Amino acid sequence: MSRVGVFVCHCGTNISATVDVAKVAEEMKNQPGVVYTEDYKFMCSSPGQGKLKEIIDEHKLDSVVIAACSPHMHEKTFRNAAEAAGLNSFKVEMANIREQCSWVHPDKAEGTVKSLDLTKKMIEKVRLNEELDKIVMPVTKKALVIGGGIAGIQAALDIAAAGTEVIIVEKDVTLGGHMIQLSETFPTLDCSQCIMTPKMVEASLNPNITIYTYAEVEALDGYVGNFRARIRRKAKSVVEEDCTGCGICQEKCPKKVDNPFEMGHGKSKAIAVPFPQAVPNVPVIDRDSCIYYKTGKCRICEKVCGPKCIDFDQQDEIVNVDIGAIVVATGYDTMPLDRFGEYGYGKYKDVIDGLTFERMASAAGFTEGEMKRPSDGKTPETVVFIQCVGSRDESKGVSYCSKICCMYSAKQTMLYKHKVHHGKAHVFYMDIRAGGKNYEEFVRRAIEEDDANYIRGRVSRVYEKGDKLIVKGADTLSGRPVTIEADMVVLATAMTARKGADKLAQTLGISYDRYNFFSESHPKLRPVETNTAGIFLAGACQAPKDVPETVAQASAAASKVLGLLSQETLKREPITAEVNEANCIACFDCLNICPYGAITSKGITDRDGNIIKEVAEVNPGVCQGCGLCNAACRSKTIELRGFKDNQIYAEINSLAV
Amino acid sequence: MTLKLLKEDGLKKLIEALNKADTRVVGPKRNKAGMVTYDDVNADTELELDEVIGRYSPKDAFFPQHETVMRYKLDGKDVHVKAETPVIKETVLLGVRPCDAAAMISLNKVFTWDYVDTLFTERQKKATIISLACNNADESCFCTSVGFAPDGTEGSDILLKKIKSGGYLAELITKEGEAFATTHKSIFENAPAKADTVAIAEPTKLDIDIDRIKSWLDDKEKSWEHPLWEQLAAKCVGCGGCTFVCPTCHCFDIVDEPYGDQGKRVKNWDGCQFDHFTLHASGHNPREHQPQRWRNRFSCKFKIYPDRFEKKGCVGCGRCIRVCPVNLDITEAMTEITQIAK
Amino acid sequence: MESLQSKAKELIKDASVAVIIGYAAGTKKGKTKPFFAYSEEDCEKLIFTPECVNNLTIYLTRKFDFMKKGKVAIVAKGCDIKTINVLIQENQLKRDDVVILGVSCEGVVDKDVILDRAELTADLPEDKKSIKCITCDVNTPSDFDHLFGEGVESKAIEPMTGGIYDEVDKVRGMAQGEKWNFWMEHFERCIKCYACKKVCPLCYCDVCITEKNQPQWIETSAHERGNYAWNIKRAMDLSGRCTFCGECDRVCPAEIPLNLLNQEMAKLNYEAFDGYRAGYQTEEKPPFVSFKEDDDEGFIR
Amino acid sequence: MSEEKVENKEVWTPRIIAYVCNWCTYGGADLAGTSRKTYDASVRVIKLPCTGRIDPLFLLKAFERGADSILVSGCHPGDCHYNTGNYHSRRRWTAFRDLLEFSGIDMRRIHFSWISAAEAVKWVDVVNDVSEKTKELGPYTEFQRINEKIKEYDGIFAEQG
């Protein structure tokens with residue numbers, strides 16, 4: 001017979017006001033297996049916990065039920081206290097008579113009856129609880145950062161600074177992400193390349209950082225502290241180690257291609273680096289464009305290459321890396337604009353998006369920093385900036401605010417004004433959201449010093465008339481229609497999750513929201529963690545963010561990684577599945593249904609080493625304790641510790657009427 | 001032996017009289033699924049007396065497939081336990097076959113052998129068996145091959161034989177039978193000097209010698225590991241249908257069924273053909289393979305029963321043959337062993 | 001069936017297989033029995049007639065030792081091969097370990113039907129066929145190593161209609177209380193002999209839930225409560241797996257219409273999970289271990 | 001007879017068993033508590049890690065043990081703490097509901113919902129709705145008859161129980 005102690009908490013009057021706690025304590029005395037009951041003012045208080053320990057010791061309790069608040073609130077507290085008294089922490093259960101009883105059922109009689117049931121139910125369960133030991137796992141002291149933009153680089157640099165090895169996997173040919181495309185950054189107007197390039201170089205030179213560009217994470221196995229990632233390094237057709245970055249191949253390549261880095265405006269070559277400061281400064285052959293891959297002839301780059309590092313037969317390489325923690329920093333995309341016909345994007349060359357404007361304003365961009373509109377190269381005298389294109393627009397776009405557009409539109413009016421002194425910038429906005437340090441001042445500067453004309457309202461239509469773009473809109477403050485003859489229109493496009501973010505989330509086993517942004521574990525208290533232990537988030541892959549926020553989150557993620565990797569071993573809850581090998585018949589429904597790949601096949605051998613039967617085996621490090629396998633198993637041969645069938649049965653049976 | 005006459009309306013009157021006396025009548029009756037089983041009968045029109053034999057045996061009347069033997073209830077730290085004392089009514093088994101009547105004697109030996117199962121004996125004591133001689137036999141009937149007869153009297157208190165012109169000739173076999181006829185003397189009339197009864201069935205007489213089978217089984221050197229078991233029973237799927245329909249199979253299991261803070265201990269039919277029947281808690285199973293289990297059932301009928309109870313364990317009702325999904329035919333084994341043992 | 005016998009002999013002779021699982025004449029009229037041929041002589045006893053109702057694939061499961069003897073040949077109808085497919089899908093059998101002696105089949109007899117010798121050679125009338133044969137579309141097996149019986153075309157059918165599915169629809173059409181009474185009348189008769197699970201080639205667990213009493217999910221007693229739980233649990237466990245061999249229905253001594261329950265589940269799986277039919281392939285994951293993000297959830301609020 | 005019924009109705013309160021997942025619905029129920037939203041007291045919550053852990057056997061046993069209605073509730077699709085647990089359970093419930101309906105269970109007594117940890121109001125609404133509907137339906141005598149029958153057949157321990 002078990003020796004259960006039942007402690008009924010008053011929670012001040014939070015419980016005792018609507019539950020007869022004394023009666024609960026008294027009646028539980030009669031429950032089989034119960035040897036001690038008491039009601040107490042504040043069980044979670046220091047004296048309350050002290051009492052718990054004392055009684056466990058004095059009455060040699062082997063199980064404890066605390067009838068009090070939600071286990072989400074204080075289960076850990078009481079389990080720790082019980083453990084300190086020498087009781088296995090999993091022999092403690094809580095009956096939730098506060099959140100799910102006293103606070104929601106004002107009738108004392110009803111509340112008391114329900115409390116009796118709930119407490120009895122947990123007594124029946126706890127009697128069947130097994131003593132479980134926490135699972136101890138080793139930690140691989142190495143981190144993986146997915147994404148080589150500002151978020152990824154910052155996280156990698158911070159992790160590396162602590163002496164921990166880190167791998168950056170970047171999908172693109174070079175590090176830099178979106179930030180390296182920007183001209184100048186708000187609210188200081190410092191040149192993005194000037195501040196980003198040194199970080200990229202620093203990362204590439206740091207001995208603790210390994211960079212795989214032109215690479216993607218294809219699969220992830222394992223669990224916190226012990227992940228194994230399969231990385232595909234796509235064939236660059238150039239031997240990276242031998243390339244000196246001289247650029248002669250790019251110069252001699254006869255095949256011109258659109259340059260996506262310049263948003264399709266400049267030209268590049270079939271073998272190229274996207275921009276001169278690329279890290280690593282190694283060109284890649286675009287096999288879709290290269291003449292050789294199409295016709296089998298050309299090979300000019302091969303001929304001109306001094307170090308002979310062109311390798312047309314290069315294959316993708318698979319690298320498996322063991323890591324202990326992961327930072328996901330895959331950034332964002334911008335919303336495709338084909339849905340917004342009213343703005344004429346795609347139809348009129350002089351309607352451009354914000355990122356194209358960034359390239360136009362960049363000294364290294366396709367106009368070398370000069371304001372020249374795409375259609376005829378003329379200097380635009382009047383420019384209209386339209387904000388919230390797709391953002392805060394549930395019907396055509398997304399309901400969220402993309403957060404950075406207010407600021408970058410203000411910045412862009414300033415950049416424009418600084419280059420075209422006589423020009424006029426108009427901004428159509430819904431609200432100005434400038435909630436950051438020096439942000440409001442920055443917007444005021446655009447308006448007051450750089451003469452931007454801010455119009456509160458929406459644009460209904462943009463159309464061409466002669467060489468002008470007619471922008472029709474409304475000024476909702478004055479209530480009048482507005483028509484502006486513009487030379488160029490710049491759209492502040494909504495930020496969206498990366499294309500394929502959902503797929504990556506599935507690969508990594510993290511959750512994502514309905515916009516495919518990755519979900520943080522808790523919006524306030526665990527903003528950089530995911531629900532999958534050991535995987536952290538940085539930057540705009542989680543939600544729209546500007547550079548300072550991204551950098552802050554990247555450093556936060558890095559500190560979480562370092563905290564995790566500073567431990568020699570990890571302990572985790574032993575609520576994992578276990579297989580009764582004698583009964584398992586290896587139908588592998590469990591293996592098929594497990595969301596974590598925690599179940600594998602195992603051969604049972606006889607004394608001579610011959611495999612006599614196959615059974616399912618659970619990797620307790622990977623198992624997260626969802627219990628899907630338990631429900632799927634027809635003969636209940638695989639069971640979830642802590643929630644085994646007999647425990648649930650006992651709960652149901654205790655509620656028999 | 002006294003002979004009596006039941007006129008054409010005799011059964012009708014008898015059932016009416018028994019109903020009046022609050023006596024339970026169990027007889028062959030067609031259930032909703034269309035099968036004939038032995039169940040409570042309230043009118044003679046419900047009786048299916050032309051059916052060769054019911055799907056299940058009537059043993060359920062004495063040895064229900066599910067029976068509570070004890071109840072418990074937790075009361076605080078106490079447990080109240082109460083033995084089950086069901087109300088057992090006077091019962092008449094009406095229109096059962098002579099083979100089944102004989103089987104009830106064999107069953108009795110088991111339930112009174114070392115421990116007297118009072119639930120069983122009470123039921124049996126309070127029962128009168130009025131069997132009906134068979135006029136039809138099917139391909140599976142083999143009573144005559146194991147020493148019984150379609151008009152055998154063993155186990156019956158009264159044996160009815162159908163009269164061609166209607167009604168039944170009643171042979172009062174036992175004292176109890178005579179007493180019963182006396183109680184119902186208006187129904188059990190004096191028999192005429194000569195009654196023209198319908199011809200008794202003649203089941204195929206098989207080339208079976210049960211004594212020879214017994215001595216072969218006694219000779220374990222020869223029989224225990226004989227390949228015959230494997231040959232015959234490798235196909236057995238262990239469904240246990242044979243044990244549930246058999247009139248002499250008597251194995252049961254005792255389990256507790258909890259319900260909230262109370263519960264009961266029940267006695268439920270079990271069968272030696274189930275793989276877990278002999279499974280030990282250690283995981284060891286002395287009868288690991290189906291042929292071994294089938295050997296057990298066969299031996300139980302033709303060796304253990306005769307050895308222990310000096311009774312035959314098989315009455316040739318043929319139910320196990322009819323119910324078997326893989327045509328595992330006990331007479332095939334008996335015929336073969338008779339040959340082997342020559 | 002000379003060709004079946006001679007192929008069987010050949011397989012035994014060149015030791016391609018250790019045993020041939022087939023049918024032989026039974027001991028009673030109209031009955032056949034499962035038969036295991038180990039020698040060429042044995043092979044002469046092999047038959048195939050419309051009386052060969054058993055689904056022999058049960059002998060390929062872990063419930064028996066045949067697969068331990070080496071490679072095994074089995075005489076299998078189209079419907080039986082569906083079971084083989086599920087066994088493969090569920091890691092219970094490897095296709096390479098079994099030689100399928102496929103037999104074309106235009107239907108086997110219903111339970112309790114005993115054919116005359118003359119009827120055996122003629123076409124089997126519909127009313128004497130097992131109900132599973134009415135909706136059969138695998139008269140010629142889909143997968144086999146050797147095929148016996150030529151010229152039988154698999155019928156084109158509209159899945160989940162006709163035959164048993166008409167019966168299923170009848171029950172579906174009943175009012176709730178009517179359904180309950182219908183099933184209670186049937187389950188009341190259940191004698192908990194578990195012949196249904198024993199004969200089922202897909203009930204291959206070493207330890208069945210009914211044999212566990214900690215906890216006792218399924219009460220052992222043959223009363224309606226335990227009977228209901230058992231029959232529902234079994235139908236649920238066969239959901240998306242049952243290939244409608246009909247063996248459980250055939251062997252049930254209490255004549256509980258188990259086909260109805262299992263085929264209701266088959267129909268549901270077909271309707272709710274993209275036309276899934278168990279036994280028609282070996283690669284796809286069964287419905288219960290897969291999902292679609294846009295599965296219907298009209299019943300969830 | 002009719003009088004007796006009325007009397008019974010007064011003392012009878014429904015017994016509703018709710019199987020909920022730890023992360024979403026249990027959290028939602030907790031939030032209802034912390035926000036002091038009141039609701040019907042006839043529900044008894046059994047907490048499981050995930051709706052994917054809920055076995056059809058749990059539902060059967062609840063009815064066997066006298067439940068009048070059952071609620072199963074978990075995370076919204078896409079919210080599952082275990083990524084896909086609720087997708088799997090949704091499939092299982094699709095089949096199991098169908099089976100129960102086919103076998104004559106009163107489907108008005110089985111309820112499914114997705115309730116997130118933020119949806120305290122939904123929890124309150126769902127529980128109130130389930131208990132209201134159950135009160136309208138009365139005790140699940142149709143199912144309980146099996147229990148009653150067993151008790152009667154055996155002559156239950158009634159005098160002590």
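Residue numbers start from 1 in every chain, and the chains themselves are labelled A, B, ... in the order their sequence lines are given, proteins ahead of strands. Values in this document were obtained by computation on a predicted structure and should not be read as measured data.
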Ignoring hydrogens and geometry, is there a side-chain-to-backbone donor-acceptor pair from D:K61 to C:W217 under 3.5 Å? yes

Tell me, side chain or backbone of [X] under 4.5 Å from chain D's heavy atoms, or both, or neither?
| X | result |
| --- | --- |
| C:N181 | side chain |
| C:E178 | neither |
| C:D294 | backbone |
| C:E271 | neither |
| C:S221 | neither |
| C:L261 | both |

Answer whether the closest heavy-atom distance between the side chains of [X] and [Y] falls below 4.5 Å.
| X | Y | value |
| --- | --- | --- |
| D:I146 | C:N227 | no |
| C:I232 | D:L99 | yes |
| D:R145 | C:M184 | no |
| D:S103 | C:F182 | no |
| D:I110 | C:F299 | no |

Using a strict 4.0 Å threshold on nitrogen-to-oxygen distance, state whether D:D129 and C:R301 make a salt bridge. yes

Which heavy-atom pair separates D:G104 from C:K179 by the least distance, and what is that distance?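 Minimum heavy-atom separation between D:G104 and C:K179: CA-CB, 3.6 Å.
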
Minimum heavy-atom separation for C:L268 to D:A95, with atom names?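 Between these two residues, the closest heavy atoms are CD1-CA, 3.5 Å.
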
Mind checking whether C:W183 and D:F102 have parallel, tilted or perpendicular rings, split at 30° and 60°?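 The rings of C:W183 and D:F102 sit tilted, inter-plane angle from 30° to 60°.
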
Between D:Y140 and C:W180, what is the ring plane arrangement, given parallel below 30°, perpendicular above 60°, and tilted in between?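 It falls in the tilted class, 30° to 60°.
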
Nearest 0.5 angstrom please: [X] [atom1] to [Y] [atom2], how far?
| X | Y | atom1 | atom2 | answer |
| --- | --- | --- | --- | --- |
| D:R91 | C:D295 | CZ | CG | 4.0 Å |
| C:I300 | D:H111 | CD1 | NE2 | 13.5 Å |
| D:R92 | C:F288 | CZ | CZ | 7.0 Å |

Is the count of non-hydrogen atoms from other residues, nucleotides or ligands lying under 6.0 Å from C:K155 atom NZ greater than 12?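 Yes - once you tally the heavy atoms of other residues, nucleotides and ligands closer than 6.0 Å, there are more than 12.
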
Between D:L60 and C:I218, is a side-chain contact (heavy atoms from CB on, under 4.5 Å) present by the stated rule, with each step listed? CA-CA 10 Å; D:L60 286 181; C:I218 312 289; 5.8 Å; no

Let me see the working for D:W114 and C:E297 under side-chain hydrogen bond (donor to acceptor under 3.5 Å, both in side chains), right down to the final yes or no. CA-CA 10 Å; D:W114 300 138; C:E297 54 171 39; 2.8 Å; yes

Please tell me whether D:E142 and C:Q176 have a donor and an acceptor in their side chains that are separated by less than 3.5 angstrom.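 Present: a donor and an acceptor within the cut-off.
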
